[in-house]
Amino acid sequence: MLPFKLVYSERYFLPIGEHVFRADKFRLVVDRLLQQAAIDRSDLIEPSPASEQDVMLVHSPHYLNKLMEGSLSAREELQMEIPYSPQAVEAFMLHAGGSILAAQHALQDGVCINVGGGFHHAFADHGEGFCMINDIAVAIRAMQKRGLIQRAMTLDCDVHQGNGTAAIFTKPAPGAPTLPSASPPTVAGGRGELLQGSCQDVFTISLHQENNYPFVKPPSSIDVNLPDGCSNEEYLAWLDNALSSGLRQFDPQLIVYVAGADPFREDQLGGLNLTIDGLKQRDELVFQAAHARGIPVMVTYAGGYAIHVEDTVAIHCNSVLAAAEVYR
Ligand SMILES: [Zn+2]
């Protein structure tokens with residue numbers, strides 16, 4: 001039995017047909033963990049869909065209406081890059097409910113993993129890049145609304161920049177003071193850059209491949225623009241650097257870790273050069289840093305489009321194993 005919970009539902013399956021996003025990956029992750037006896041059925045908890053009130057803590061009523069009524073324009077559906085259906089809306093509402101439940105359990109147990117979610121390309125008023133509802137932002141706002149936390153940090157390690165999350169949280173209020181900018185640190189090799197933005201009650205960090213979608217990147221509190229072909233060593237040095245820098249400036253009561261599997265060297269939509277082992281070290285680094293400081297972590301899965309789906313599944317399973325090692 002794990003010292004924390006996994007949030008999962010069979011209804012996480014996304015009805016999007018043949019797609020580079022393997023909609024069955026969530027089930028494959030849970031099946032593999034059960035087969036390996038790495039987890040027990042009693043470690044799994046079932047979420048309920050997010051309420052419309054919770055979703056509207058982040059998304060505009062106008063956008064939510066369009067989702068509920070099925071009145072997105074052809075252009076809006078194209079931008080989402082997945083086919084619209086009422087069943088797809090239900091699935092995204094459930095992933096968002098899963099992230100809310102996972103955030104609550106992370107606050108109780110120190111860590112909790114949503115075997116789903118991470119839809120970081122959804123903006124307040126539109127969806128894009130396979131993302132309809134930004135479960136990361138909904139979970140944080142729901143925790144704040146319930147008075148469970150005031151301040152949160154997002155740590156987005158998907159290969160694609162967390163544009164929706166950045167746009168939702170990082171826009172400074174008019175006249176609000178911004179954090180002092182740090183001079184860009186350098187790491188071995190000197191490739192890549194760290195950009196320092198502003199922050200209010202949610203500090204956003206994104207490590208991503210610079211030459212990749214989204215081509216317009218709204219500023220996060222910290223953006224790390226990684227070069228094509230970035231290695232395990234360079235990546236881990238930048239991650240350590242960005243996370244330490246963020247935690248020097250900001251004192252979060254919850255970290256939402258977006259553990260995308262797509263920085264993998266054989267990802268079809270990524271151009272970094274991380275190995276499965278390097279990605280597990282990434283997970284360990286995040287859990288160790290949070291655990292050492294007593295900051296609860298909620299994990300979401302986001303992308304993962306390896307040529308062989310079993311590699312994506314292995315990377316996501318390793319996030320659970322890494323957490324089990326650190327929190328045991
Ligand atoms: Zn991605």
Side-chain angles (χ1 to χ4, degrees), residues 12 14 16 19-26 28-29 79-82 88 91-92 95-96 99 113-123 126-137 154-168 192 204-218 220 222-230 232 235 238-239 242 256-276 278-280 282-283 286 298-309 311-319:
Y12 271 1
L14 299 173
I16 55 177
H19 200 283
V20 67
F21 191 113
R22 285 285 299 255
D24 56 347
K25 75 169 182 175
F26 314 111
L28 294 174
V29 168
Q79 192 175 22
M80 202 113 70
E81 297 186 79
I82 46 171
F92 279 100
H95 281 264
S99 287
I113 297 177
N114 185 11
V115 183
F119 297 112
H120 57 163
H121 302 311
F123 287 69
H126 73 277
E128 58 177 77
F130 319 154
C131 300
M132 198 178 274
I133 292 170
N134 194 314
D135 58 291
I136 302 160
T154 62
L155 177 58
D156 192 331
C157 290
D158 189 275
V159 79
H160 305 103
Q161 196 236 10
N163 55 348
T165 312
I168 288 164
T204 53
I205 301 177
S206 180
L207 268 83
H208 47 264
Q209 184 187 6
E210 183 170 22
N211 291 322
N212 204 328
Y213 167 87
F215 295 99
V216 175
K217 297 176 174 62
S220 310
I222 293 179
D223 279 299
V224 180
N225 287 319
L226 297 166
D228 299 353
C230 181
N232 287 338
Y235 187 96
W238 277 113
L239 172 60
V256 178
Y257 172 39
V258 183
D262 48 13
F264 179 49
R265 53 163 49 144
E266 288 178 31
D267 195 274
Q268 299 173 81
L269 302 183
L272 301 186
N273 201 22
L274 274 74
T275 62
I276 293 180
L279 285 158
K280 188 171 182 215
R282 171 197 73 170
D283 295 336
V286 173
M298 188 271 270
V299 182
T300 64
Y301 272 174
Y305 317 94
I307 297 162
H308 306 289
V309 71
D311 289 335
T312 297
V313 171
I315 293 163
H316 285 321
C317 286
N318 279 344
S319 299

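From a predicted model like this one, the values you see are computed outputs, not experimental measurements. The analysis underlying the following values was restricted to heavy atoms, covering all of them including side chains, and did not include hydrogens, waters or symmetry mates. Order of listing sets the numbers, starting from 1, for every ligand and every atom in it. One is the number of the first residue; the rest follow in order along the sequence.
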> What residues form a ring pair (Phe, Tyr, Trp, His ring centres under 6.0 Å) with Phe264, not counting sequence neighbours?
Replying inline: none
> About how large, to 10 degrees, is the angle OD1 of Asp158, then the Zn ion (ligand 1), then OD2 of Asp262?
Replying inline: 100°
>> So, using side chain to side chain contact (heavy atoms under 4.5 Å, CB included) as the criterion, who are the partners of Asn273 when residues are at least two apart?
In response: Arg265
> Do Tyr12 and His95 pass the ring-ring contact (aromatic ring centres under 6.0 Å, His included) test, and can you show the C-alpha distance, the side-chain angles, and the key distance before you say yes or no?
Replying inline: CA-CA 6 Å; Tyr12 271 1; His95 281 264; 4.0 Å; yes
> Is it true that some N/O/S atom of His120, main chain or side chain, lies under 2.8 Å from the Zn ion (ligand 1)?
Replying inline: no
>> With carbon and hydrogen excluded and only N/O/S kept, which atom of His160 is nearest the Zn ion (ligand 1)?
In response: ND1
> So His316 and Tyr301, would you call those rings parallel, tilted or perpendicular, with 30° and 60° as cut-offs?
Replying inline: parallel
